[in-house]
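So the structure is just underneath, and the comments pick up after that.
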Amino acid sequence: MIKSDILTHLENIVGKDFASNNQEDLFIYSQDSGASLPRPVDFVVLPKTAEEIQKILRLANEERIPIVPMGGGMTLSGLTIPVNGGIVIDLKRMDKILEINEISRYALIEAGVTTGRLTAYLEKHYPDLEVSIPDAPPSATVTGNALIHGSGFLSHKYGNHGDMINGLEMVLPNGDICKLGSCAVSDYWFTRGPIPDLIGLFISSFGTMGIATKMAIKLYPKDNLREVIVGIFKEPKMIPDVISKITNTDIAEDIVFAVSEELIKGYIFLATFITGTSEEEIGTKTKILKRIYRKAKGSYMKVPRSFRNFFLEKPIFISSEADTRRGGGFEYSGNFLPLEKLPEAIEKAIEISRKYGISPSQVSRVIGKGHNVMFAASFSFNRADPNDMENARNALHETNKLVLDLGGIIWKPELAGQKLIIEKMDPSYKQLYKAIRAALDPNRIMNPGNWEIT
Ligand SMILES: Cc1cc2nc3c(=O)[nH]c(=O)nc-3n(C[C@H](O)[C@H](O)[C@H](O)COP(=O)(O)OP(=O)(O)OC[C@H]3O[C@@H](n4cnc5c(N)ncnc54)[C@H](O)[C@@H]3O)c2cc1C
């Protein structure tokens, strides 16, 4: 079929205003805010329903057109930029909050609901409930973020966002619509099991296994008071021990630590967020934490009030750190690391930043009471300068290699990072993934080029 006929089909499915192959419309979808090079897109569509997506995928199968699902497009690793052209399915219009279950504590949402919208909705209508959101711009979708195994301010207490998914409605590559989790059996989207758990197949697979159209995500009770206790430490090697001691107490909501040469050279901030229902509770927790900080060997220092305010008033710390080069470009190597490997990662990633002439800047978050750490080393660049962009990509790649050498896993890897993981992956895992993907998507239409195992 020629391009204009495909466009007509797409317009018939989603409406004339919501399908395009105009260069002006495609431009924005051919790149993201990270350091990936732009790649061409043939069509963009903005469907409103799962049934429309179903029809688009059936057309794509007939015509062998690649499909790339997109939420907010905020991963920074080029995951929504097509590798082989094709149709970007922008899910923005699927923005309904379908149900908030206050008692079983979950939100059932459409895939285009953004983190900003769900948070604002809960604040207004359910002020005693909250959802864990990333420190990302509020245009990131809750579903896109959970599907890439994201993490946020409740992840220390409750785990990765992928673990918070109770159920999914998926449009599979062949166009079938499939429910996963308790919703496959019951009207309640309250749990993933206890039936064979297939939801994991769709997490971190970057749209290669299908398109989520609905998701149920866990909500949590919200305390009305929040405080942050910030320490400044000299030695990275002290950090795992301090974190273990804090996680042992069970009082922290969120533990974030950061290295920033721009803000304070040669030190590591450790910010522990606590919550409570009374000043007394906050006071007790503060005392316990300060005792742990003081007892840590090395140079714990008293923190000026301005630093406390910086963390409390600017929860989006990573964003405020993003553009140190004032060139509008920011990329980061996010990684899952075992806690004990953190000191080495901090020191070696600082060396890599310096080697590439980029001011060292790292932000990490403790996940699930210390079961792993999301370690992010960020690299700013001047978007107007291709050499500077390449410099950031090289720094990212070297950090990714470092993380794999340390026994960690690169999180939301761009194509080059995916390749590094695949090279190291157990052959039987690769075969299993390949077989499942081939069974679900025999025409290889779903985000081809990603997780490409030969
Ligand atoms: C300044 C900054 C700070 C950040 N801080 C954090 C942080 O603290 N924690 C964190 O987790 N992330 C963070 N991120 C990363 C970013 O938030 C996540 O990448 C983003 O939330 C993912 O959601 P999205 O809607 O943008 O997904 P997209 O980028 O649109 O998509 C991500 C991947 O999932 C696929 N996908 C998207 N929607 C669907 C769907 N419905 N069905 C199937 N596949 C789909 C896409 O094809 C793509 O492969 C940060 C980003 C920035 C720019």
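Nothing fancy with the numbering, it's 1 onward along the sequence. Every number for a ligand or one of its atoms is a count from 1 in the order of the listing.
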- Message: Looking only at distances, can you tell me whether any N or O atom of Tyr332, backbone or side chain, sits closer than 3.5 Å to an N or O atom of ligand 1?
- Response: yes
- Contact atoms of ligand 1, heavy-atom distance to Gly150 under 4.0 Å: 11 (O)
- In short, Asp176 meets Asn174 closest at the heavy-atom pair N-OD1, 2.8 Å
- Task: List for me each residue that meets side chain to side chain donor-acceptor pair (under 3.5 Å) alongside Asp187, sequence neighbours excluded, and say none if there are none.
- Result: none
- Parallel, tilted or perpendicular, as decided by the 30° and 60° cut-offs, for the rings of Tyr121 and Tyr126: tilted
- Message: Applying a heavy-atom cut-off of 4.0 Å, say which part of Trp451 lies close to ligand 1: side chain, backbone, both or neither.
- Response: neither
- Item | Spatial distance of atom NZ (Lys222) from atom CD (Glu253) [nearest 0.5 Å] | 10.0 Å
- Using a 4.0 Å heavy-atom cut-off, say whether Leu76 meets ligand 1 through its side chain, its backbone, both or neither. side chain
- Query: Do Tyr433 and Thr208 have a side chain donor and acceptor closer than 3.5 Å?
  - Reply: yes
- Under 4.0 Å from one or more heavy atoms of Gly210, ligand 1 contributes atoms 43 (C)
- Query: Can you check whether Tyr158 and Tyr220 have ring centres sitting under 6.0 Å from each other?
  - Reply: yes
- Option with minimal heavy-atom separation from atom 25 (O) of ligand 1, where the choices are Gly144, Gly72, Pro138: Gly72
- Query: At a non-hydrogen distance cut-off of under 4.0 Å, which region of Leu147 contacts ligand 1 (side chain, backbone, both, or neither)?
  - Reply: side chain
- Query: Is there a donor-acceptor pair closer than 3.5 Å between any side-chain N or O of Asn382 and the backbone N or O of Asp388?
  - Reply: no
- Of the listed options (Gly71, Gly112, Ala111, Pro137), which comes nearest to atom 52 (C) of ligand 1 when hydrogens are ignored and any heavy atom counts? Pro137
- Task: For the pair Asn447 (side chain) and Val68 (backbone), establish whether a donor and an acceptor sit closer than 3.5 Å, ignoring hydrogens and angles.
- Result: no
- Message: Is the contact between Leu91 and ligand 1 made by the side chain, the backbone, both, or neither, using heavy atoms and a 4.0 Å cut-off?
- Response: side chain
- Answer with side chain, backbone, both or neither: which part of Arg365 has a heavy atom less than 4.0 angstrom from an atom of ligand 1? side chain
- Task: Indicate, with yes or no, if the rings of Phe330 and Tyr332 have centres closer together than 6.0 Å.
- Result: yes
- Note on the structure: Note: Ile148, heavy atoms under 4.0 Å from ligand 1, region reported as side chain
- Query: Would you call Ser77 a ligand 1 contact, heavy-atom distance under 4.0 Å?
  - Reply: no
- Note on the structure: Numbered in order shown, the ligand 1 atoms found under 4.0 Å of a heavy atom of Thr80 are 28 (P), 29 (O), 30 (O), 31 (O), 46 (C), 48 (C)
- Task: Of all the heavy-atom pairs spanning Cys183 and Lys179, show the shortest one and how long it is.
- Result: O-CD, 3.6 Å
- Note on the structure: Within 4.0 Å of some non-hydrogen atom of Thr75, the atoms of ligand 1 are 19 (O), 29 (O), 32 (C)
- Message: Below 4.0 Å from ligand 1: does a non-hydrogen atom of Phe330 turn up there or not?
- Response: yes
- Message: Just checking His156 against Phe273, ring centres under 6.0 Å apart?
- Response: no
- Query: What atoms in ligand 1 come closer than 4.0 Å to a heavy atom of Met70?
  - Reply: 30 (O)
- Task: Output the distance between atom CG (Leu219) and atom CG (Asn101), rounded to the nearest 0.5 Å.
- Result: 8.5 Å
- Tell me which one of Ser151, Gly207, Ala140 gets a heavy atom nearest to atom 11 (O) of ligand 1. Ser151
- Message: With the threshold set at under 4.0 angstrom, would you say Trp411 reaches ligand 1 through any of its heavy atoms?
- Response: yes
- For atom 35 (C) of ligand 1, which candidate among Pro134, Pro69, Gly73, Gly34 holds the nearest heavy atom? Pro69
